[in-house]
Engineer: 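Structure incoming, see below.
In what follows, every chain begins at residue 1, and chains take the letters A, B, ... in the order their sequences are listed.
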There are 2 protein chains.
Amino acid sequence: MATGRTHRPATRSRGIPEATVARLPLYLRALTALSERSVPTVSSEELAAAAGVNSAKLRKDFSYLGSYGTRGVGYDVEYLVYQISRELGLTQDWPVVIVGIGNLGAALANYGGFASRGFRVAALIDADPALTGKPVAGIPVQHTDDLEKIIKDNGVSIGVIATPAGAAQQVCDRLVAAGVTSILNFAPTVLNVPDGVDVRKVDLSIELQILAFHEQRKAGEEAAAEGAVPAAATRPDSADQGPDGDVPAVMPA
Amino acid sequence: MATGRTHRPATRSRGIPEATVARLPLYLRALTALSERSVPTVSSEELAAAAGVNSAKLRKDFSYLGSYGTRGVGYDVEYLVYQISRELGLTQDWPVVIVGIGNLGAALANYGGFASRGFRVAALIDADPALTGKPVAGIPVQHTDDLEKIIKDNGVSIGVIATPAGAAQQVCDRLVAAGVTSILNFAPTVLNVPDGVDVRKVDLSIELQILAFHEQRKAGEEAAAEGAVPAAATRPDSADQGPDGDVPAVMPA
DNA sequence: TCATGTGAATCTATTCACAGCC
DNA sequence: GGCTGTGAATAGATTCACATGA
C-alpha cells in the first residue's frame, strides 16, 4: 500500500469533469486486473495502454481526484483501486431493480458484472403475470403492481429499464415517483424525467447506426482513392431495405 | 415530400462532427415516429423536444448536413428522414454477425431494431458445439470454426461481440482479419484493433458505475444541505460489499 | 533520473443571438 | 411574424510540454 496518507482533500470531488467520470470505471477495471496479478505499482503509460487511452489524459483525470501517484515511480495499484472505488461510490452497496424480464432483462439479471463492485440485484419486475414467481438468475420475478413497495422496501435508488419502448416512460414515471433517482434505460426511447434524476441510455440501434455512418465513409473514401463516384452508394449490394417503422421493442416484457 | 430539390452538396458529408453523428439516429427515430403519425412538417423546437435535445443544437446539427429546412415553416418530415438515413448509410443493407450466443447474444438476435433500418443479422456464431445448428430467433447458430468463411461469404463488415471478456480480443482479431471493419463490443474489455477499424462499446457495468457516482454526489449534497458529514458514506445501508474480481463474463458463449 | 502533476495551447462541442428568408 | 441557418461567444475536453519532486 506504500503511501499511507491521511488525505481527504477538503473540498473533495468538486467538479470532476463528466468525461473523467466516464473513464474512471475503465481505469478501475484495468487496475483490478493488475491487482489480481499482484502487480504493486503501475505507470501512467502502462495503465493508459491497458485502459485504451493516452497517458496525458489519464494523468489529467487522476489529477482531479488528488495527487495519488509518486513522481519517478507511478501509482500504487491497491491504493488507486480504493480511491477510485470510493470516488465512484462503490464502497457502498447499491440495490438495483430490473424492470422488464424478457430476453434482455434476463441477460442483465445473469450478468456477472452486477454482483461485483457494489451492485446487487434487489428485485426483478415484469408486467406479465405468467412470469411472476418464476426465478430468473435465482431471483423470483415480481409483478409490476408491487413496484412501488419493492422500491421502498429495498431502498432502491437505481433502476434498469429493459421493457419495450412503449412501456418505458410509464415504468420510468413510476420508478421516479417511488424514489428512484438514477435510471439505466435499454428501451429505445427518450425518457422524460424531472430535474435531479439521472438517465443513461444504452441503445443498440443507435450504436449500429453510428458504425454504419463510418462504414459508409470508409467505402466512399476507398472509391474516391480509386477515382470518380462523388456522392452515391458505393457498395455493389446497395439495396432499398424493407419499409418497417422504427421504435422496435427490445423484447416482450 | 414538399421541397423537391436536386441537392447533392458537392463535397458532401465532409467533417460532420462526431457528436452530431451520434445524435442523428435520435433525430431519425423521432422523425420516424412523426412520419408514422403522418405529420408533414416539424419545427426545430418540436423535433428537439421529441429527441431530448435543445433546438439550437439540433439546428446546428442539421446545418452540417445541408439546408434542409424552410424558414418560417420548419422541416419536411419525409424529406429529412430520407436525408438522415442516407447520411447514416441506412439506405443500403448492412449484414451483421453476432458472435457469442449466450443470454445477451440471443437477446440481441431477437432484438427488433436489428431487422429495421438497414441491418440484417447474417449469421449467429458461437464456440459451443452444442449450440451449432440450433435456431435462435429463427437463425441457426454456426460454429466459430467457420467464422472467416461466414464473414467472407456474406460480405460482412460489421460484427457484434457478445462473448465473455476472455474470448473477446481473440474473436475481434479473427473478425478483423476476415475483413470486418466495425465492431460493436458488449464484452467488458478494451479491444485492440488496427487503424481503420471502428469499435464502439456497450458496457453495463460502466454505465452503472457512472450512475453510482452521481447518486453518491446527490446523497452527499443532501447531507451537506443538512450540515456536517463532510466526506463519508451517507446512506444508512453503507456496507463493504464482498470482494470479487471484476472482469465479469457477460454470459457463457 | 524518471514519471507525475499541471499550466497553457489547442481542439471540439454547445449555446447565444440575430440576420436572412419564406 | 416566425423559424431556419449560422457567425461569434462560451464552455468543455484533450493534448502539449515542462517544472516539480520523489
Engineer: In dot-bracket form, 5' to 3', how is DNA chain D paired? Count Watson-Crick and G-U wobble pairs only if both distances fall under 3.5 Å, and write | where the partner sits on another strand.
Structural biologist: ||||||||||||||||||||||

Engineer: In whole angstrom, what separates A:Asp76's CG from C:dA3's P?
Structural biologist: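 It is 17 Å, rounded to the nearest whole Å.
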
Engineer: As a test of reading the structure: which of D:dT4, D:dA13, C:dT14 is closest to the side chain of A:Pro17, going by heavy atoms?
Structural biologist: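 Nucleotide nearest to A:Pro17's side chain: D:dA13.
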
Engineer: Could you go through nucleotides 16-22 of chain D and list every protein N or O atom that sits under 3.5 Å from one of its N or O atoms, giving the distance for each pair?
Structural biologist:
{"from": "D:dT20", "atom 1": "O2", "to": "A:Arg71", "atom 2": "NH1", "distance (Å)": "2.4"}

Engineer: Between C:dA3 atom C1' and A:Tyr75 atom OH, what is the distance in whole Å?
Structural biologist: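 Taking atom C1' of C:dA3 as the reference, OH of A:Tyr75 is at 8 Å.
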
Engineer: Whole angstroms only, please: what is the CD-C1' distance between B:Glu18 and D:dG12?
Structural biologist: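 One finds 17 Å between C1' of D:dG12 and CD of B:Glu18, rounded.
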
Engineer: Report yes if the distance between the aromatic ring centroids of B:Tyr79 and B:Tyr68 is under 6.0 Å, otherwise no.
Structural biologist: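 Yes, the ring centres sit under 6.0 Å apart.
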
Engineer: Which residues pass the side chain to side chain contact (heavy atoms under 4.5 Å, CB included) test with A:Asn192, sequence neighbours left out?
Structural biologist: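 Partners of A:Asn192 by the side chain to side chain contact (heavy atoms under 4.5 Å, CB included) criterion, ordered by chain and then number, come out as A:Gln169.
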
Engineer: Between B:Asp61 (CG) and C:dT15 (P), how many Å, whole number?
Structural biologist: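 Spelled out: CG on B:Asp61 to P on C:dT15 is 11 Å.
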
Engineer: Just jot down the side chain to side chain contact (heavy atoms under 4.5 Å, CB included) partners of B:Val199, sequence neighbours excluded, or say none.
Structural biologist: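 For B:Val199 the side chain to side chain contact (heavy atoms under 4.5 Å, CB included) partners, ignoring immediate neighbours, are B:Ile183, B:Asn185, B:Leu191, B:Val193.
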
Engineer: What's the CD-P distance between B:Glu45 and D:dG2, to the nearest Å?
Structural biologist: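 Between P of D:dG2 and CD of B:Glu45: 13 Å.
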
Engineer: Run the side chain to side chain contact (heavy atoms under 4.5 Å, CB included) test against B:Ser85 and tell me which residues pass, sequence neighbours left out.
Structural biologist: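 B:Ser85 satisfies side chain to side chain contact (heavy atoms under 4.5 Å, CB included) with B:Leu28, B:Val81, B:Leu90, B:Thr91, B:Arg117 only.
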
Engineer: Return the nearest nucleotide to the side chain of A:Ser63; candidates are D:dT6, C:dT6, C:dA13.
Structural biologist: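 Shortest atom-to-atom distance from the side chain points to C:dT6.
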
Engineer: Considering residues at least two apart in sequence or located in another chain, which fulfil the side-chain hydrogen bond (donor to acceptor under 3.5 Å, both in side chains) criterion with B:Gln170?
Structural biologist: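 Once residues adjacent in sequence are excluded, B:Gln170 has no partner under the side-chain hydrogen bond (donor to acceptor under 3.5 Å, both in side chains) criterion.
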
Engineer: Please name all residues satisfying side-chain hydrogen bond (donor to acceptor under 3.5 Å, both in side chains) with A:Thr20, sequence neighbours left out, ordered by chain then number.
Structural biologist: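 A:Thr20 satisfies side-chain hydrogen bond (donor to acceptor under 3.5 Å, both in side chains) with A:Asp61 only.
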
Engineer: Calculate the interatomic distance between A:Arg23 atom CZ and D:dT15 atom C1'; express it in whole Å.
Structural biologist: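 In whole Å, D:dT15 C1' lies 12 Å from A:Arg23 CZ.
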
Engineer: Could you check how far CG of B:Leu58 sits from P of C:dT14, rounded to whole Å?
Structural biologist: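 One finds 12 Å between P of C:dT14 and CG of B:Leu58, rounded.
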
Engineer: To the nearest 0.5 Å, tell me how far B:Leu204 CG sits from B:Gln209 CD.
Structural biologist: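 Interatomic distance, B:Leu204 CG to B:Gln209 CD, rounded to 0.5 Å: 9.5 Å.
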
Engineer: Can you list every salt bridge (Lys or Arg N to Asp or Glu O under 4.0 Å) pair that touches residues 182-204 of chain A, not counting sequence neighbours?
Structural biologist: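 Listed once each, the pairs are A:Asp198-B:Lys218, A:Arg200-B:Glu207, A:Asp203-B:Arg29.
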
Engineer: Check whether any side-chain N or O of B:Ser43 sits under 4.0 Å from OP1 or OP2 of D:dC3, and answer yes or no.
Structural biologist: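 Checking B:Ser43 against D:dC3: no side-chain N or O falls below 4.0 Å of OP1 or OP2.
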
Engineer: Taking atom C1' of D:dT4 as reference, at what distance in whole Å does atom CG of B:Leu65 sit?
Structural biologist: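 For the pair B:Leu65 CG and D:dT4 C1', the rounded distance is 14 Å.
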
Engineer: For A:Arg174, check salt bridge (charged side-chain N to carboxylate O under 4.0 Å, His left out) against everything at least two apart and list the hits.
Structural biologist: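 For A:Arg174 the salt bridge (charged side-chain N to carboxylate O under 4.0 Å, His left out) partners, ignoring immediate neighbours, are A:Glu148.
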
